[in-house]
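Whatever order the structure lists them in is the order used to number ligands and atoms, beginning at 1.
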Amino acid sequence: MSDAITPFVPTERGITEHKQAHAELRAAGPLVQVDAPAGGPVWIVTEEELARQVLTDARFVKDPALAPADWDRRMAGLERPAAEQTSLTTLDGPEHAQLRKAHAPMFSARGISRYYDRMVAIARELLAELADSVPAGRPVDLTVDFNTRFPVSVVCEVLGVPAKHVDQAMNACRDMFNPDPNAAMAAMAAFNELADAALNAGDGVAAELRDRLPDTTVEDLRYFIFLIIFAGQPTMDASLGYLVANLLEHGVSGSDRKALDGFVQEVLRSHPPAPFTLWRFTSVEVELAGVTLPARAPVLVDLFGITVDPDRRTGPDLVFGAGAHYCVGAQLALFQMRALTEVLTDTYPDARLDVPFPELRQTDIGGTMGSRLNTLPVVLQN
Ligand code: HEM
């Protein structure tokens with residue numbers, strides 16, 4: 001057990017500083033045992049090849065029913081067991097594959113590209129409102145509202161949730177992190193309303209999903225839609241901050257599609273928004289990297305530490321995970337980042353940071369959550 005390494009403790013640092021614990025984990029070996037936030041041990045995979053092995057090994061499962069019996073579900077950020085709530089994030093094997101198949105065409109690059117023009121229009125509209133809200137030359141802080149509003153507006157558009165519900169969706173996403181359990185329960189009720197609104201509107205991905213899952217209960221369908229709205233929110237909020245900060249510091253040509261995609265990918269690699277995978281548990285005793293893990297052992301992959309490893313060889317990265325649970329929203333995320341970059345470079349060529357780049361600060365709230373910028377003051381037009 002590595003007592004001295006504390007990857008789940010909140011930290012605040014400059015934008016160019018990595019959380020120290022990831023380097024410490026990497027230095028401690030390919031599989032490191034530390035204290036889990038909800039108590040007891042957790043094994044963290046810090047080596048890329050081993051990570052890919054774990055992420056494709058059927059003995060490492062997602063079902064929260066296999067979490068250590070003494071874990072507080074809420075504190076550990078666990079969903080209900082798969083027997084109570086089927087979800088992409090609680091199922092494995094053929095059931096998971098079937099549910100992924102139902103999502104696949106809508107969330108593929110081709111499926112998501114149908115919404116690209118709307119993403120550009122939404123970015124344009126929201127940035128114009130922001131620019132008009134202050135006199136020329138004055139900054140706006142994108143972390144206050146924009147970095148949440150843009151991805152939530154986009155996911156509502158994609159799902160078919162009418163735009164008048166965007167504030168409700170933003171509040172519900174934020175309340176999922178509210179320590180008051182009543183607020184989180186109210187948020188789930190709000191997500192149900194949003195799902196119903198999308199299903200009633202009938203002209204987006206929510207309705208397509210319903211058509212592709214004819215034997216699914218309304219409760220399950222609502223949960224699947226909730227997951228799509230909520231799962232991308234903390235990662236997108238953070239990513240957009242790093243994207244804009246790096247864009248205004250380093251610049252990229254909005255008309256060169258290849259350069260733009262490379263830039264987006266590089267920002268994600270420099271600031272991986274999901275520091276760890278979601279929880280996995282061993283379904284049986286497993287030998288891994290010379291260690292015997294008991295059944296029901298909690299396991300995480302250190303996506304951040306692996307991605308920012310200075311000795312990492314180039315090639316496909318783990319920013320969006322790997323294997324059967326690879327991020328279903330990866331294309332949605334990449335298209336949004338591309339749309340925002342295009343609009344900023346085209347419409348606000350003189351936009352600039354209102355503080356020197358190295359002075360930007362970032363914070364993570366601890367646990368398995370990632371970091372986001374504390375503030376991002378931007379002057380959109382002079
Ligand atoms: C830059 C933004 C994003 C990053 C870095 C990211 C990262 C990840 C990672 C690493 C996983 C795999 C977790 C694991 O294996 O335990 C994942 C899964 C998932 N992501 Fe994302 N994500 C992002 C945006 C989104 C968006 C916009 C959505 C909305 C659709 C989304 C929905 C999901 C869902 C539903 C899963 C579970 C997939 C499954 O278990 O089959 N993500 N994401």
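Heavy-atom proximity to Met236, at under 4.0 Å, picks out these atoms of ligand 1: 2 (C), 27 (C). Atom numbering of ligand 1 starts at 1 in the shown order; those under 4.0 Å from a heavy atom of Thr89 are 37 (C). Atoms of ligand 1 found under 4.0 Å from any heavy atom of Arg100 (numbered from 1 in listed order, with element): 38 (C), 39 (C), 41 (O). Using a 4.0 Å cut-off to heavy atoms of Ile228, the atoms of ligand 1 that qualify are 29 (C), 30 (C). Taking a cut-off of under 4.0 Å to the non-hydrogen atoms of Thr277, the atoms of ligand 1 that pass are 14 (C), 16 (O). Here is the list of ligand 1 atoms found below 4.0 Å of a heavy atom in Leu88: 39 (C), 40 (O), 41 (O). Numbered from 1 in the order shown, with element, the atoms of ligand 1 that lie under 4.0 Å from a heavy atom of Lys62 read 14 (C), 16 (O). Short contacts between ligand 1 and Leu268, defined as distances under 4.0 Å to a heavy atom of the residue, involve ligand atoms 1 (C).
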Distance-only donor-acceptor pairs under 3.5 Å for side chains of residues 121-140, two or more places apart:
residue	atom	partner	partner atom	Å
Ser133	OG	Leu130	O	2.6

Listed pairs under 3.5 Å, donor-acceptor, residues 290-304 side chains, sequence neighbours left out:
residue	atom	partner	partner atom	Å
Thr292	OG1	Glu287	OE2	2.4
Arg296	NE	Leu66	O	3.3
Arg296	NE	Ala67	O	3.3
Arg296	NH2	Ala65	O	3.2
Arg296	NH2	Ala67	O	2.4
Asp302	OD1	His22	ND1	2.7
Asp302	OD1	Phe304	N	3.4
Asp302	OD1	Gly305	N	2.8
Asp302	OD2	His22	ND1	3.1

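For Leu303, every heavy-atom contact with ligand 1 shorter than 4.0 Å involves the side chain, none the backbone. By the criterion of a heavy-atom distance under 4.0 Å, neither the backbone nor the side chain of Met337 is placed next to ligand 1.
There is no side-chain donor-acceptor pair under 3.5 Å between Asp317 and Thr307. Between Asn382 and Arg352, the side chains place a donor N or O and an acceptor N or O closer than 3.5 Å (distance only, hydrogens not considered). Side chains of Arg13 and Thr11: a donor-acceptor N/O pair is present below 3.5 angstrom, by distance only. Glu12 and Asn374 form a side-chain donor-acceptor contact under 3.5 Å, judged by distance and modelled atom types alone. Thr90 and Gln85 share no donor-acceptor pair across their side chains, judged by distance under 3.5 Å alone. Side-chain contact of Glu342 with Tyr116: a donor-acceptor pair under 3.5 Å is present, judged by distance alone.
Formation of a donor-acceptor pair under 3.5 Å by the Arg59 side chain with backbone atoms of Ser283 is not found in this model. A distance-only check finds no donor-acceptor pair linking the side chain of Thr347 to the backbone of Leu344 [under 3.5 Å].
For atom 21 (Fe) of ligand 1, protein N/O/S neighbours under 2.8 Å (waters excluded) are Cys327 SG.
Where the criterion is an N or O separation shorter than 3.5 Å, residue side chain and backbone included, Tyr326 fails it with respect to ligand 1. At a 3.5 angstrom cut-off on N or O pairs, Leu55 does not count as close to ligand 1.
Ring-plane geometry between Phe281 and Trp71 is classed as perpendicular, the angle between the planes exceeding 60 degrees on a 0 to 90 degree scale with a lower cut at 30. Ring-plane geometry between His96 and His325 is classed as tilted, the angle between the planes lying from 30 to 60 degrees on a 0 to 90 degree scale.
Nearest to atom 40 (O) of ligand 1 among the protein's heavy atoms is His325 ND1, 2.6 Å. Among all non-hydrogen protein atoms, the one lying nearest atom 15 (O) of ligand 1 is Arg280 NH2, 2.8 Å. Of all protein heavy atoms, the one lying nearest to atom 1 (C) of ligand 1 is Ser239 OG, 3.4 Å. Remark: minimum distance from atom 7 (C) of ligand 1 to any protein heavy atom is reached at Val319 O, 3.8 Å.
Note that Arg269 lies outside the cation-pi zone of Phe263, set by a 6.0 Å cut-off to the ring centre and a 45° limit from the axis. Because its NZ or CZ atom is not both nearer than 6.0 Å to the ring centre of Tyr115 and within 45° of the ring axis, Arg118 does not count as a cation-pi partner of that residue.
At least one heavy atom of His96 sits closer than 4.0 Å to an atom of ligand 1. Between Gln233 and ligand 1 there is no heavy-atom distance shorter than 4.0 Å.
Through direct or indirect side-chain contacts shorter than 4.5 Å among Ile, Leu, Val, Met, Phe, Trp and Tyr, Val379 is connected to no other residue.
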